[in-house]
Amino acid sequence: MPKIYIAQPTGFCFGVKRAIGLAKRGLKRYERVCTYGELVHNPQVLKQLGAEGIKPVRRLSEAKNGVLVIRAHGCPQKVLAECKRLGIGVIDATCPYVRRVQHVVQRLAADGYQVVVVGEKNHPEVKAILAAAGRGARVMSPQGSLHQTNSRMHKKIGVVAQTTMDKAGFKAVVAKLLDFGYNELRVFDTICAEVTARQEATACLAKKVDAVIVVGGKNSANTSRLTQIVRSGGKPVAHIAEPAELQLELWLRFKRIGIAAGASTPAEVVKEIAQILRMPVVPTTRHEAQPSFKEVVKR
Ligand code: F3S
């Protein structure tokens, strides 16, 4: 039986807990509560909310006759204005830490800085930050090349990070910008402390185990980042969204297994996975038919 180590903290972060609480409280006051997109990037949470009657909508027109919950990632201001125009009630569950980034970029833009957001350009949080940062704002990732974008860059740059960014990636982009010789560079470390705590715990855990299971929604940015952290440390890692994805036969070959979870993964799911791994079940059938660990890791 393998020894199981769980990276701490686990369970919902402050912003996710708050968003779920606000949505559920909304149900007590309003007949119909929906969320603008997925409230959090986690399948178990979405299923549970759906069972309680809180469902995501893609278009604002689908939220008519109801109240719309803005998720923890936030949304562009124009969405709120459109809700007002359409007479849709809003419960704004934007995480205060995300809201802080929006305020920082608004301030930078008002002071004449071109905003650079270090993060993933297609993530809803980044889209909302960009919308708050006004024209000329751009997104950079640690893998991106500054040379390709420089012709359109200003001389006064203000840099912020997507809240789920890792420190190393953020520093890499700032270092590139520093080398480029802008007149002025203002840097705001807007990475969420809850995210940093999970990343540090995961990196630490990966050092003392043989392999790591990262648990969380496949579209969760902070969960994916944990997977990258383990992978860059050279340890085998698999990112799974739910216990059903666990291929016990593959994991029982390891003596020490670590489990790390994203900020929107319920603590019970982590416990369930740990319990499954601790169960003294010896796989006896269809072992050959199972994919190799390498294949699982690649998915
Ligand atoms: Fe907010 Fe940090 Fe969670 S930004 S949503 S508390 S990961």
Side-chain angles (χ1 to χ4, degrees), residues 7-26 35-46 48-49 54 56 68-76 79 90-106 115 117-133 139 159-170 187-203 214-229 239 241 260-270:
Q8 296 298 337
T10 50
F12 297 142
C13 66
F14 156 76
V16 167
K17 228 182 273 172
R18 179 175 172 273
I20 294 171
L22 284 171
K24 288 188 176 179
R25 245 174 283 149
T35 63
Y36 190 47
E38 295 179 343
L39 187 64
V40 292
H41 287 156
N42 183 274
Q44 294 91 359
V45 177
L46 293 177
Q48 198 209 335
L49 290 173
I54 303 170
L68 187 72
V69 182
I70 303 299
R71 54 189 168 187
H73 299 134
C75 72
V79 172
V90 165
I91 296 175
D92 192 351
T94 306
C95 175
Y97 299 128
V98 174
R99 168 90 62 231
R100 177 184 163 246
V101 190
Q102 294 176 353
H103 286 154
V104 169
V105 297
Q106 273 166 347
V115 172
V117 185
V118 183
E120 298 156 58
K121 68 173 184 205
N122 293 321
H123 193 279
E125 178 194 328
V126 173
K127 285 183 179 172
I129 295 170
L130 277 181
V139 183
V159 192
V160 296
Q162 182 178 349
T163 54
T164 51
M165 198 58 216
D166 62 285
K167 278 253 159 56
F170 186 51
V187 179
F188 292 80
D189 179 356
T190 49
I191 299 171
C192 171
E194 293 235 19
V195 168
T196 304
R198 280 170 167 81
Q199 291 175 353
E200 288 175 355
T202 303
V214 176
V215 194
K218 295 283 165 71
N219 52 353
S220 157
N222 76 85
T223 311
S224 303
R225 203 89 64 200
L226 299 181
T227 312
Q228 286 162 13
I229 286 170
H239 177 174
S264 52
T265 308
E268 303 76 55
V269 176
V270 173

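As the structure lists them, so they are numbered: ligands from 1, and atoms in each ligand from 1. This is a predicted model, so every value here is computed, not measured.
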CD/Glu38 to CG/Leu49 distance, rounded to the nearest 0.5 angstrom? 10.5 Å
Protein N/O/S atoms under 2.8 Å of atom 3 (Fe) of ligand 1? Cys13 SG
Trace of the side-chain contact (heavy atoms from CB on, under 4.5 Å) decision for Lys167 with Thr196: CA-CA 8 Å; Lys167 278 253 159 56; Thr196 304; 3.9 Å; yes
Assess the residue pair Leu39 and Ile54 against the criterion (side-chain contact (heavy atoms from CB on, under 4.5 Å)); give the C-alpha distance rounded to whole Å, side-chain angles, the decisive distance to 0.1 Å, and a yes or no. CA-CA 9 Å; Leu39 187 64; Ile54 303 170; 5.6 Å; no
Which residues satisfy the side-chain hydrogen bond (donor to acceptor under 3.5 Å, both in side chains) test with Thr223, sequence neighbours excluded? Ser220
Backbone N/O of Thr94 and side chain of Arg18: donor-acceptor pair under 3.5 Å: yes
OH/Tyr97: more than 12 non-hydrogen atoms of other groups inside 6.0 Å: no
